[in-house]
Chemist: 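The structure that follows is given in the form of structure tokens.
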Amino acid sequence: MPCTEHLLIIEDDSSLRRVMQIQLSREGYSINTASSSEGALAMLESSAPQLVIADLNLPGASGLELLRKIRARSPETPVIIITAFGTVQSAVEAMKGGAYDYIIKPIHPEELKAIIRRALDHSRLVEEVQILRSSLDRKYGFEHIIGSSPTFLRVLEVAERVAVTDATVLIQGETGTGKELVARAVHLKSQRRDRPFLTINCGAIPRELLESELFGYVKGSFTGAESHKKGKVELANGGSVFLDEIGEMPLELQVKILRLLQEKEIEKVGETAPIKVDVRIIASTNRDLLAMVKEGTFREDLYYRLLVVPLYIPSLRDRLEDIPELLEHFFEKFKLKHHRPELVMAPGILPYFSNYRWPGNVRQLENVVERIVLLCRGTEITADDLPDFLQLEPSSTATQTLVELPDDGLSLEALERQLFLRVLRKFGGNKTRAARFLDLSRRTFSYRLEKFGIESEREVTVPMRAKRKMHGGGFQA
């Protein structure tokens with residue numbers, strides 16, 4: 001049997017030390033031995049065993065002192081303590097000190113082998129979890145979310161700051177902007193990162209099934225309920241629940257989410273006694289929840305409970321400067337996935353992507369890039385390989401300017417402010433129509449108005465009244 005694990009035995013009884021070495025070597029382990037704590041520490045300087053077996057009573061430093069030093073150097077290494085003088089107190093001290101297990105002499109070989117196997121299996125499991133966590137961090141962590149535009153970075157900064165707290169988070173934004181990606185990053189940055197992150201898509205699950213998916217049910221509570229079932233909230237206990245598209249949740253369930261947020265408890269379908277749970281709620285929506293509150297289709301109390309920390313993910317058309325970085329990321333990703341390492345993009349391709357408005361946002365861009373990689377017949381992607389909707393002249397109206405360029409320069413912010421004023425006046429101060437005209441969301445449009453300090457009543461309607469007076473209207477400016 002090949003030696004895959006290296007063990008260190010620390011025992012001052014030379015005959016017992018020799019017997020354990022022979023028995024464990026036959027099991028395929030590589031064995032080093034020491035007769036004292038000092039000798040063991042010297043060995044630990046030059047090698048890193050996968051497991052340590054140490055006597056509690058050693059010459060010089062005791063086994064407990066040695067245990068503390070080993071744990072300080074290598075906390076992931078399991079340590080099994082053995083002794084001929086077992087007491088409850090010594091066992092408690094050993095386990096508190098971080099020992100994996102505690103054996104009283106005389107040692108039974110099969111018992112020792114079984115404990116060693118369990119300890120090594122546990123150690124491997126911990127290592128696998130650490131590798132998986134590292135992989136998740138690389139895939140879903142904040143530092144790997146693509147985008148460096150100022151508006152997007154401000155959102156990520158707030159998300160990182162709130163992630164380490166236990167606050168409820170509401171992530172808003174259009175479909176395809178990456179709301180779930182931000183939600184996962186919030187969870188992985190939190191103290192709950194070692195616990196589950198479970199997602200419920202409130203719009204994808206039929207109304208009659210959503211409650212049981214969320215909270216579970218008891219046997220016999222309805223036809224087909226042949227056993228007890230835990231819901232996603234209970235399964236995520238200690239972790240986070242992501243309520244995707246919470247605006248689609250029926251009113252009768254919204255009150256139960258409110259109770260979860262306020263009381264930290266749920267009721268299973270068919271059960272009357274509440275169950276205490278400890279979960280963090282992260283919600284998302286692509287709908288205007290405040291408008292839904294006014295319409296009576298979303299509870300006002302739940303809205304403000306969710307609004308502890310609101311995050312608004314900007315649409316891709318509001319962060320066009322991120323397109324080159326996103327395009328490169330997706331291009332390399334799908335070249336690798338579909339085994340097309342030879343593919344390159346022809347010069348001049350980028351403007352075709354930058355000048356499109358991307359109504360489906362980042363998700364649409366990702367899907368388009370994958371389709372191009374899959375269907376390109378040659379080794380170079382040209383304009384002919386692009387979908388029809390991208391094959392417009394790159395010099396679209398988005399890149400044309402309708403102003404004269406003065407020799408002494410101009411203020412871009414002042415120019416943009418004037419543009420917003422003109423569009424507002426064009427539509428009589430109607431922000432919804434003005435935002436649609438500029439191909440912006442109403443939220444983004446309102447944010448820009450606030451940024452420029454535009455008061456619609458004073459700066460929009462007054463000039464319009466003056467205009468009516470000039471045309472013989474009965475209005476006084």
Chemist: Consider side-chain contact (heavy atoms from CB on, under 4.5 Å). Of I257, L258, L289, which one does R299 pass it with?
Modeler: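 One option only clears the test, and that one is L258.
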Chemist: What's the verdict on salt bridge (charged side-chain N to carboxylate O under 4.0 Å, His left out) for K256 and E263, showing C-alpha distance, side-chain angles and the deciding distance?
Modeler: CA-CA 10 Å; K256 300 196 173 188; E263 309 296 337; over 6 Å; no
Chemist: Starting at OG1 of T77, measure out to CZ of R71 and round the result to the nearest 0.5 Å.
Modeler: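 So the OG1 of T77 and the CZ of R71 are separated by 8.0 Å.
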Chemist: Should N286 and K179 be marked as a side chain to side chain contact (heavy atoms under 4.5 Å, CB included) after you check the CA-CA gap, both sets of side-chain angles, and the distance that decides it?
Modeler: CA-CA 9 Å; N286 63 5; K179 298 187 290 294; 4.3 Å; yes
Chemist: Is the W358 ring parallel, tilted or perpendicular to the F389 ring (thresholds 30°, 60°)?
Modeler: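 Perpendicular: the ring planes of W358 and F389 meet at over 60°.
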Chemist: If I take atom OG from residue S148 and atom CD from residue E325, how far apart are they, to the nearest 0.5 angstrom?
Modeler: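 One finds 4.5 Å between OG of S148 and CD of E325.
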Chemist: Would you mind listing every salt bridge (Lys or Arg N to Asp or Glu O under 4.0 Å) that reaches into residues 373-385, with sequence neighbours excluded?
Modeler: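 Listed by first then second residue: nothing to list.
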Chemist: So do the side chains of I115 and R118 get within less than 4.5 Å of each other, counting heavy atoms only?
Modeler: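 Yes - at least one pair of side-chain heavy atoms lies under 4.5 Å apart.
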Chemist: Under the criterion side chain to side chain contact (heavy atoms under 4.5 Å, CB included), I'd like the reasoning laid out for V373 against L343: C-alpha separation, chi angles, the key distance, then a yes or no.
Modeler: CA-CA 8 Å; V373 169; L343 272 185; 3.9 Å; yes
Chemist: Within a strict 4.5 Å, meaning less than it, do heavy atoms of the Q191 and V164 side chains meet?
Modeler: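 SC-SC contact between Q191 and V164 ruled out.
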Chemist: Looking at CD of Q254 and CE of M292, how far apart are the two atoms once the value is rounded to the nearest 0.5 Å?
Modeler: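 CE of M292 is found 7.0 Å from CD of Q254.
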Chemist: Starting from the C-alpha separation in whole Å, work towards a yes-or-no answer on salt bridge (charged side-chain N to carboxylate O under 4.0 Å, His left out) for K333 and E370.
Modeler: CA-CA 9 Å; K333 171 184 173 180; E370 183 170 20; over 6 Å; no
Chemist: Report yes if the side chains of I146 and E328 come closer than 4.5 Å at any heavy-atom pair, otherwise no.
Modeler: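 In short, these two side chains do not touch, never coming nearer than 4.5 Å.
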Chemist: Decide yes or no for L214 and L243: does some side-chain heavy atom of the first lie under 4.5 Å from some side-chain heavy atom of the second?
Modeler: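 Yes, at least one pair of side-chain atoms sits under 4.5 Å.
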Chemist: When rounded to the nearest 0.5 angstrom, what distance separates CD1 in I266 from NZ in K230?
Modeler: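 Answer for the CD1-NZ pair, I266 versus K230, is 10.0 Å.
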Chemist: Looking at side-chain heavy atoms only, is the closest gap between T444 and Y312 below 4.5 Å?
Modeler: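 Answer yes - side chains close enough.
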Chemist: Please examine the side chains of L51 and Y29, heavy atoms only from C-beta on, and report whether any two atoms are closer than 4.5 Å.
Modeler: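 In short, these two side chains do not touch, never coming nearer than 4.5 Å.
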Chemist: Find the distance between CG (L320) and CZ (F353) and round it off to the nearest 0.5 Å.
Modeler: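 So the gap between those two atoms works out to 13.5 Å.
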Chemist: Among K268, K229, R207, which one satisfies salt bridge (Lys or Arg N to Asp or Glu O under 4.0 Å) with E213?
Modeler: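 Passing option: K229.
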Chemist: What pair of heavy atoms forms the shortest contact from S441 to R317, and how long is it?
Modeler: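 Residues S441 and R317, closest heavy atoms: N-NH2, 4.2 Å.
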Chemist: Salt bridge (Lys or Arg N to Asp or Glu O under 4.0 Å): which pairs involve residues 338-355, sequence neighbours left out?
Modeler: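 Passing the test, one end in residues 338-355: R340-E342.
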Chemist: With salt bridge (Lys or Arg N to Asp or Glu O under 4.0 Å) as the rule and sequence neighbours excluded, what pairs involving residues 286-298 come up?
Modeler: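 The answer is E248-R287.
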Chemist: Any Lys/Arg nitrogen of E5 or R124 sitting under 4.0 Å from an Asp/Glu carboxylate oxygen of the other?
Modeler: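 Yes.
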Chemist: Are N361 and T177 linked by a side-chain donor-acceptor pair shorter than 3.5 Å?
Modeler: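 No pair is found: no donor N or O on one side chain lies under 3.5 Å from an acceptor on the other.
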Chemist: CG of L336 to CD of E332: how many Å apart, nearest 0.5 Å?
Modeler: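 L336 CG to E332 CD: 9.0 Å, rounded to 0.5 Å.
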Chemist: Could you tell me whether D318 and R357 have a side-chain N and a carboxylate O separated by less than 4.0 Å?
Modeler: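 Between R357 and D318 there is no salt bridge, as every charged N stays at least 4.0 Å from the carboxylate O atoms.
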Chemist: Measure the shortest side-chain to side-chain distance between S123 and Q50 over non-hydrogen atoms and say whether it is less than 4.5 angstrom.
Modeler: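 No, too far: nothing below the 4.5 Å cut-off.
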Chemist: Below 6.0 angstrom between ring centroids: does that apply to F445 and F420?
Modeler: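 Yes, the ring of F445 comes within the 6.0 Å limit of the ring of F420, centre to centre.
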